[in-house]
There are 2 protein chains.
Amino acid sequence: MTTITWQSVQAEALRRIRSREWPPGAQIPHEADLATELGCARATVNRALRDLASAGLLDRKRKAGTRVPLNPVRKATFDIPIIRLDVQARGLPYTYRLLHQTTAAPPPDVAQRLMLPGDTPMIHILALHLAANAPFCLEDRWINPAATPHITTADLSEISANEWLVQNAAFTAGDVALSAIAAPPATAHHLNCPPGAPLFTVDRTTWAGATPITCVRLCYAPGHQMQAKI
Amino acid sequence: MTTITWQSVQAEALRRIRSREWPPGAQIPHEADLATELGCARATVNRALRDLASAGLLDRKRKAGTRVPLNPVRKATFDIPIIRLDVQARGLPYTYRLLHQTTAAPPPDVAQRLMLPGDTPMIHILALHLAANAPFCLEDRWINPAATPHITTADLSEISANEWLVQNAAFTAGDVALSAIAAPPATAHHLNCPPGAPLFTVDRTTWAGATPITCVRLCYAPGHQMQAKI
DNA sequence: TCGATTATTATGTACACACATATAAATACT
DNA sequence: AGTATTTATATGTGTGTACATAATAATCGA
């Protein structure tokens, strides 16, 4: 006897959505009915549909039931790797250069993004990540020392702040903004590219609960691509 | 009596990871032990830890148990909205202009990305999405008509291919590449920006099972940001 | 007729149990 | 010693039940 898995239920639901057996906007049978129809427990159907809903392929509401959205908003995910591992995964030797480190009050926009008073002294890092001795990524970071007291004892010329933080300050949430900017002169100099070159840029702010940890701008050398999956 | 929820178990696990009560690299108690310790069923612990693992915060292997990864690879997600809704969500009026539509054999790189023979005739679309009458995004798309026969009857000057496909060709998988490019002259002309301007660019290929559906390059006007969440 | 209150109902989740499955560890075998 | 086989174990998943919760639909009252 073959048992129905939640994956098979999910596949069947997906098939019905794609074939328009469940057309956009329509309500689909409720869990109990599907369970009896497909010959499995409601929990199995629940798991299958819950996952589809979190992927944006179904809308579920208590009492209202489950329906196929008219305008599904699909979600894509990408990894946030340690830059060293990102480079090494490409088969390139990695090096790292700490360009600058101070403790100072952050510029207003950084303070605002971290929701901290503007006069809080923070650690400022400017560092260059290199792949095969070519500039790969310029890291411009502000760290809230109150969130990570140990960092004052870390030697950030040996290990990148990026890596230190990933290993020592597990964060619970963060937001990321992706954009393309024209390389400012100083950045262009560090990345060894012409000023104005298009740079793929990641602005990231991370939190441990309600405590802001760090806020970083990563400017990647021209030509960089970031991969994501749907 | 207060019942333990999987969320509370997850929060407690997260706390232990952050506090290094479960240090990086260490193995954590197995599900059954945690269940008895926290006073809940193993299924509840399983759900909590499974979700943490899919977020990259734990590594789980059968028999080997669960451990805190030394180098956690966190995952961020972003929405893939219909461009019209993206514009309207910013409170701007949306317009759309079909610039070009033909049926032809695709260039080799497109054929390769879709894993189709190079001589398959495909639909090629060039369209401009505008926000408040300013260029917002240039869409350069190739569509496999074999995957979506109905599209030949769609009037793509009225509804964008982007929107038509989302509503009519639910895909099961896709990959996305994000990058920054210097605006080529033609693109710059359409987006009304100087040639060479940094453009945030999304290259997306989508599939319905093993059948390739479409492959699109979206070039956003300078200054565009894409938001993601961790 | 309208607004507040009360059912009704579909999803969300917890639990106890059972069995499946991957795989590390131990054992037997050559 | 090295390899193949077995065993033990932690996670993965399905089932049936029970109750919680949100939100719609029905009912009631002014």
Side-chain angles (χ1 to χ4, degrees), chain A residues 1-17 21-70 72-73 75, chain B residues 1-17 21-70 72-73 75:
Chain A
M1 169 217 170
T2 67
T3 71
I4 312 289
T5 67
W6 68 265
Q7 288 97 334
S8 71
V9 172
Q10 193 172 77
E12 173 61 14
L14 212 50
R15 190 192 64 73
R16 295 189 185 183
I17 294 170
E21 199 170 319
W22 292 343
Q27 198 152 7
I28 76 171
H30 62 258
E31 292 184 349
D33 281 1
L34 275 174
T36 56
E37 185 203 330
L38 300 174
C40 64
R42 185 170 79 88
T44 308
V45 176
N46 181 277
R47 166 122 193 227
L49 298 190
R50 178 162 34 85
D51 278 22
L52 286 179
S54 78
L57 262 129
L58 287 176
D59 278 345
R60 319 197 77 200
K61 262 202 304 212
R62 278 170 171 163
K63 161 79 181 173
T66 303
R67 49 179 61 245
V68 183
L70 279 173
V73 176
K75 285 163 175 54
Chain B
M1 170 217 171
T2 66
T3 71
I4 312 290
T5 66
W6 67 266
Q7 289 96 334
S8 71
V9 172
Q10 193 172 77
E12 172 62 13
L14 212 49
R15 189 192 65 72
R16 295 189 185 182
I17 294 170
E21 199 169 319
W22 292 344
Q27 197 152 8
I28 75 171
H30 61 259
E31 292 184 348
D33 282 0
L34 274 174
T36 55
E37 184 203 330
L38 301 173
C40 64
R42 185 170 80 88
T44 308
V45 176
N46 182 277
R47 165 121 194 228
L49 299 190
R50 177 161 36 86
D51 278 23
L52 286 179
S54 77
L57 261 130
L58 287 175
D59 279 344
R60 320 196 78 199
K61 260 204 304 213
R62 280 170 171 163
K63 161 79 180 173
T66 303
R67 49 178 62 246
V68 183
L70 279 172
V73 176
K75 284 162 177 55

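In this text the structure is predicted, and so the values were computed from the model without any measurement. Proteins come first, then strands; the chains are lettered A, B, ... in the order of their sequence lines, and each starts at number 1.
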First of A/Arg62 and A/Thr44 reached from the 5' end of DNA chain D, by closest nucleotide: A/Thr44
Pairwise 5' ranking along DNA chain D for B/Pro29 and A/Ala43, keeping only the more 5' one: B/Pro29
Closest contact, heavy atoms only, A/Val9 versus A/Ala48: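 Looking at all heavy atoms of both residues, the closest pair is CG1-CB, 3.6 Å.
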Residue pair A/Gly56 / A/Pro69: nearest heavy atoms and the distance that separates them: O-CG, 3.8 Å
4.5 Å side-chain heavy-atom contact, A/Thr44 and A/Leu38: no
Heavy-atom side-chain proximity of A/Leu57 to A/Pro72 below 4.5 angstrom: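 A side-chain contact under 4.5 Å is absent here.
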Euclidean distance, atom CD of residue A/Glu31 to atom P of D/dT15 [Å, nearest integer]: 13 Å
Atom-to-atom span, CD of A/Gln10 to P of D/dG14 - whole angstrom: 11 Å
Charged N-O contact under 4.0 Å between A/Arg50 and A/Glu31: no
Sugar-phosphate only, base, or nothing, as touched by A/Arg42 at under 4.0 Å among non-hydrogen atoms: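 Base: the residue A/Arg42, judged by heavy atoms under 4.0 Å, touches a nucleobase.
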Sugar-phosphate, base or nothing in reach of B/Gln7, heavy atoms under 4.0 Å: sugar-phosphate
Spatial distance of atom CD (B/Gln7) from atom CG (B/Asp51) [nearest 0.5 Å]: 9.0 Å
Proximity to DNA chain D (any heavy atom under 4.0 Å), residues of residues 32-40 of chain B only: none
